[in-house]
Chemist: 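Dropping the structure in here first, questions after.
All values below come from the heavy atoms of this structure, side chains included, with hydrogens, waters and symmetry mates left out.
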Amino acid sequence: MTVHTPKLLTPEEFASLIEVAVHAPEPNVPATHLAKLVTLGFVAITAKGPVVTGDGLIRITESE
């Protein structure tokens with residue numbers, strides 16, 4: 001059984017999620033996007049900066 005998550009992110013917010021994944025710990029994303037990604041559990045703020053969580057990685061791979 002495949003479970004699909006609803007589209008919770010705009011294309012721009014999704015691009016920000018990828019930006020965090022590729023350019024952590026210093027991604028160049030709008031603060032509003034980062035706040036939403038953290039709220040949804042796709043990104044966690046650590047001492048070393050924002051990092052993509054397991055849920056965030058799943059969200060990225062679901063789009064492929």
Chemist: Consider only side-chain heavy atoms of I, L, V, M, F, W and Y, link residues closer than 4.5 Å, and tell whether I45 and V22 are in one cluster.
Modeler: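 Same cluster.
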Chemist: Output the distance between atom CD (E62) and atom CG (D55), rounded to the nearest 0.5 Å.
Modeler: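 E62 CD to D55 CG: 9.5 Å, rounded to 0.5 Å.
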Chemist: Look up atom NE2 in H33 and atom CG in L9, then write down how far apart they are to the nearest 0.5 Å.
Modeler: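 Between H33 NE2 and L9 CG, I get 9.5 Å after rounding to 0.5 Å.
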Chemist: Once rounded to the nearest 0.5 Å, what's the spacing between atom CG of L17 and atom CG of L40?
Modeler: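 If we round to the nearest 0.5 Å, L17:CG and L40:CG are 9.5 Å apart.
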Chemist: With sequence neighbours excluded, what pairs up with E19 under the salt bridge (Lys or Arg N to Asp or Glu O under 4.0 Å) test?
Modeler: none
Chemist: Should L57 and I18 be counted in the same cluster of Ile, Leu, Val, Met, Phe, Trp and Tyr side chains packed under 4.5 Å apart?
Modeler: yes
Chemist: Roughly how far apart are I60 CD1 and F14 CZ, rounded to 0.5 Å?
Modeler: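 Answer for the CD1-CZ pair, I60 versus F14, is 6.0 Å.
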Chemist: With clusters defined by side-chain heavy atoms of hydrophobic residues (ILVMFWY) lying less than 4.5 Å apart, directly or transitively, does V51 cluster with V20?
Modeler: no
Chemist: Minimum heavy-atom separation for K36 to L8, with atom names?
Modeler: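 Where K36 meets L8 most closely, the heavy atoms are NZ-O, 3.0 Å.
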Chemist: Could you walk me through whether S16 and L37 pass the side chain to side chain contact (heavy atoms under 4.5 Å, CB included) test, one step at a time?
Modeler: CA-CA 9 Å; S16 291; L37 294 170; 4.2 Å; yes
